[in-house]
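If you're wondering where the values come from, they're calculated on a predicted model, not measured in any experiment.
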Number of protein chains: 2
Amino acid sequence: VASASPEPICQPLAPWRTALAKAIHGNRKLPSARYPQLATVGLDGRPANRTVVFRGFFAHTNCLQFITDARSAKAEQMTHQPAAELCWYFAQTREQFRMAGDLCLVGAHHPNPHLQASRVQLWQQLSDAARLQFNWPSPGDIRQDNQPFPTDVPNRDEPLIPAE
Amino acid sequence: VASASPEPICQPLAPWRTALAKAIHGNRKLPSARYPQLATVGLDGRPANRTVVFRGFFAHTNCLQFITDARSAKAEQMTHQPAAELCWYFAQTREQFRMAGDLCLVGAHHPNPHLQASRVQLWQQLSDAARLQFNWPSPGDIRQDNQPFPTDVPNRDEPLIPAE
């Protein structure tokens, strides 16, 4: 699904890119056509599966980009088992793409400057409402009764770094 | 996602059933609202993910029913690792359900008569076009050039049993 070496990456267009581009275009009326499902494997060997938002390709590569909260379960899962399978069903054209690959988490300390630049760019392209969620309490924590969620939007320029 | 002992099963309605029923009803205009994504783990420890068709609940239980070709990869995967996670995204109401559980394959030789009865009933409810696919060449095999697929629909009364 995404992979990265510390070197700049430049890949020839994969054969499936044309078919996928056609499907995305043919289903462009449905916002959900950009929400495929990403399966990973947990530390207990059981699968996990969730909807993600496709954020375009990493420039000059066949690597798909997604945004995740570094505190989420999938961020931990992919550092132990990077293997993933994306299931992308297009409801309007009734096509399914199944894409197997390895995930690469591009966090604040990832050494590749090209990936870092893309990370910052994706953060900047998010809406305020989406960025705000990274200020919410940690995913999976028990919610404090009646405790309102923070409403202060993080800085648009630099991706938020979770507390250690 | 589905489990079964050899005994007749009767489960109280799970707390999530009401929310799921509401989501299915609220998205009933979209046929794809009945097509969630099912993640399993392969023999190599990598995840697999595909779209399945929800076929209702096994009577008096919280077990979801799906139909699979016994020759498919998921049928083999679930006998080695029954753990699965279903990701069910409802595009119209923008709700996501993630359901973790164990899969149980109800093949021709499954000893539970209640599950067998449901297996036969689901087969009978399939369209001819859907039943026909079980007569197609084995999933994953290399296709013979220009070889037409069989067009003879299997018997409606009894589910097709794959050749050993």
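When heavy atoms are compared at a cutoff of 4.5 Å, T40(A) approaches chain B solely by way of its backbone atoms N, CA, C and O. Within the 4.5 angstrom heavy-atom criterion, atoms from both the backbone and the side chain of R50(A) approach chain B. Both the backbone and the side chain of Q37(A) come within contact range of chain B, each with at least one heavy atom under 4.5 Å from a heavy atom of that chain.
The minimum heavy-atom distance linking A39(B) with A48(A) is given by the pair CB-O, 4.3 Å.
Note on L64(B): it clusters hydrophobically with F97(B), by side-chain heavy-atom contacts below 4.5 Å among ILVMFWY residues. Under the 4.5 Å side-chain heavy-atom criterion for grouping Ile, Leu, Val, Met, Phe, Trp and Tyr, F54(A) is not connected to L122(A) through any hydrophobic cluster. Residues I161(A) and V120(A) do not share a hydrophobic cluster, clusters being chains of Ile/Leu/Val/Met/Phe/Trp/Tyr side chains in contact below 4.5 Å. A continuous path of Ile, Leu, Val, Met, Phe, Trp and Tyr side chains, each step under 4.5 Å between heavy atoms, connects M99(B) with M78(B), placing both in one hydrophobic cluster. Each of V53(B) and L160(B) belongs to its own hydrophobic cluster when Ile, Leu, Val, Met, Phe, Trp and Tyr are linked at side-chain heavy-atom distances under 4.5 angstrom.
Using modelled atom types, no side-chain atom of Q81(A) and backbone atom of R46(B) make a donor-acceptor pair closer than 3.5 Å.
Note that OH of Y35(B) is 5.0 Å distant from CZ of R94(A), once rounded to the nearest 0.5 Å.
The side-chain heavy atoms of N49(A) and L86(B), taken from C-beta on, include no pair separated by under 4.5 Å.
Between chain A and the residues V41(B), D44(B), T51(B), the most heavy-atom pairs under 4.5 angstrom are made by T51(B).
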